[in-house]
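Report on one structure; see the data block that follows.
Here the structure is a predicted model, which is why all the values come from computation and not from measurement. Reminder, nothing fancy here: chain letters follow the sequence lines and each chain counts from 1.
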There are 2 protein chains.
Amino acid sequence: MGELTAALRKHSRKVTGPRQAILEVLRRHQHPLANREIHRALGPENCDLATVYRNLHTLEGMGLVRRYDFGDGTARFELVPEGEEGHHHHLICQQCALIVEVEECFPEELEQALARRHGFTGITHRLEFFGLCPRCAAARPTPAD
Amino acid sequence: MGELTAALRKHSRKVTGPRQAILEVLRRHQHPLANREIHRALGPENCDLATVYRNLHTLEGMGLVRRYDFGDGTARFELVPEGEEGHHHHLICQQCALIVEVEECFPEELEQALARRHGFTGITHRLEFFGLCPRCAAARPTPAD
DNA sequence: ACCGTTTTGCGGCTGGTTTGCAAATGACGG
DNA sequence: CCGTCATTTGCAAACCAGCCGCAAAACGGT
Ligand SMILES: [Mn+2]
Ligand SMILES: [Mn+2]
Ligand SMILES: [Zn+2]
Ligand SMILES: [Zn+2]
């Protein structure tokens, strides 16, 4: 809680109700949430959707929140754990949208080699896995097309 | 050319002007192109933007074209090389949007282990790298903020 | 050349995201 | 505790990639 206040002060940002509420929602969920979902979890009367968008953008800029892209045209956000770097990936079921947190990561040495070879600096990556979860696979055992 | 015709026939699709023109554009570029870019390359008078969208969707469904997502809310497409699987990734400069084709891929065995552990089937991944290219790094040597 | 199917152009529409602006609200010094 | 000022919010409109419906045009097989 003090962490948030400190981070906000550092950027001359204010500790507002919506801000705290949004972070509280993210704290309660350990999976990426869409703006709309956060807004719903807040109670639609609690704050405007545009405010959710603006705050997530701000919080992302301050490094308190990280943006994920599952390729469906909707941004999702997760709280960055205090102190930790928090870099990780996801495995998403293409049928039911189940999300599994994934610690496996692209080999550091490969990434560095790649950067060196092409003279790139500040290299990062975006990596997500997709497939069919056990439940969905059972419900649809190889469609007879 | 005959490859295209054969593929289209197999799906009872027609060999139309826009279709051929789009594939010709993709053949000339070896990097992912956005719908808008393809449309422009075609000459805006040549065919409607909606037609470009529809055809890329169709061609993707037939496996002639592959969709890429650089996380900027714009889909990009690349021709799938004849016969080959064509799976690969990209390294994108966040400053100038320069695109480098990347053959490095997430280790197959890690992906399989991940799938097994969570009972997922038909697993795939989306992986793209981001950074600052040499040219942009030179033009902006550690901004004095 | 004819006919049934597919495709196209065009306009309108969607859903996620951003923005302009005036009112509301935090931060801070007195 | 209060006033001031920058930041933030609500609201509505704008934006933007992508999608859809429909009538006209183009294809493919005959
Ligand atoms: Mn996560
Ligand atoms: Mn490529
Ligand atoms: Zn990683
Ligand atoms: Zn790969």
Take atom CZ of R54(A) and atom C1' of dT25(C), then tell me their distance rounded to the nearest Å. 14 Å

When all nucleic acid strands are considered with a 4.0 Å heavy-atom cut-off, which category describes A34(A): base, sugar-phosphate, or nothing? nothing

Nearest-Å distance for atom pair OH/P, residues Y53(A) and dG16(C): 6 Å

Between P on dG16(C) and CZ on R67(A), what's the gap in Å once rounded to a whole number? 14 Å

Name the residue closer to the 5' end of DNA chain C, choosing between N55(B) and K14(B) according to the nucleotide with the nearest heavy atom. K14(B)

d(CG, D69(B); C1', dG16(C)) in whole Å: 14 Å

Which class fits the ring pair F106(A) and F106(B): parallel under 30°, tilted 30 to 60°, perpendicular over 60°? tilted

Candidate pair F129(B) and F120(A), rule side chain to side chain contact (heavy atoms under 4.5 Å, CB included), full reasoning: CA-CA 10 Å; F129(B) 300 88; F120(A) 272 59; over 6 Å; no

Mind calculating the distance between CG (L49(B)) and P (dC13(C)) to the nearest angstrom? 18 Å

Between P of dG16(C) and CG of D48(A), the distance in whole Å: 15 Å

In whole angstrom, what separates M62(B)'s CE from dT6(C)'s P? 14 Å

Which residue lies more 5' along DNA chain D, comparing R9(B) with S12(A) via nearest heavy atoms: S12(A)

Heavy-atom neighbours of H125(B) NE2 exceed 12 at 6.0 Å: yes

Which part of the nucleic acid, if any, lies within reach of R13(B) when heavy atoms closer than 4.0 Å are counted: base, sugar-phosphate only, or nothing? sugar-phosphate

Footprint ends on DNA chain D, 5' to 3', for atoms under 4.0 angstrom from a heavy atom of chain B, come out as dA17(D) to dG29(D)

Is the closest side-chain donor-acceptor distance between E101(B) and H31(B) under 3.5 Å? yes

Could you check whether the side chain of R36(A) and the base of dG15(C) have a donor-acceptor pair of N or O atoms closer than 3.5 Å, going by distance alone? no

Value in whole Å for how far the C1' atom of dG16(C) lies from NE2 of H57(A): 15 Å

Between the side chains of E128(B) and H89(B), is a donor N or O closer than 3.5 angstrom to an acceptor N or O? no

Listed by chain and number, what are the salt bridge (Lys or Arg N to Asp or Glu O under 4.0 Å) partners of E108(A), not counting sequence neighbours? none

Which comes earlier along DNA chain D counting from the 5' end, the contact point of L8(A) or that of V15(B), where each point is its nearest nucleotide? L8(A)

Parallel under 30°, tilted from 30 to 60°, perpendicular over 60°: which one fits the rings of F70(A) and Y68(A)? tilted

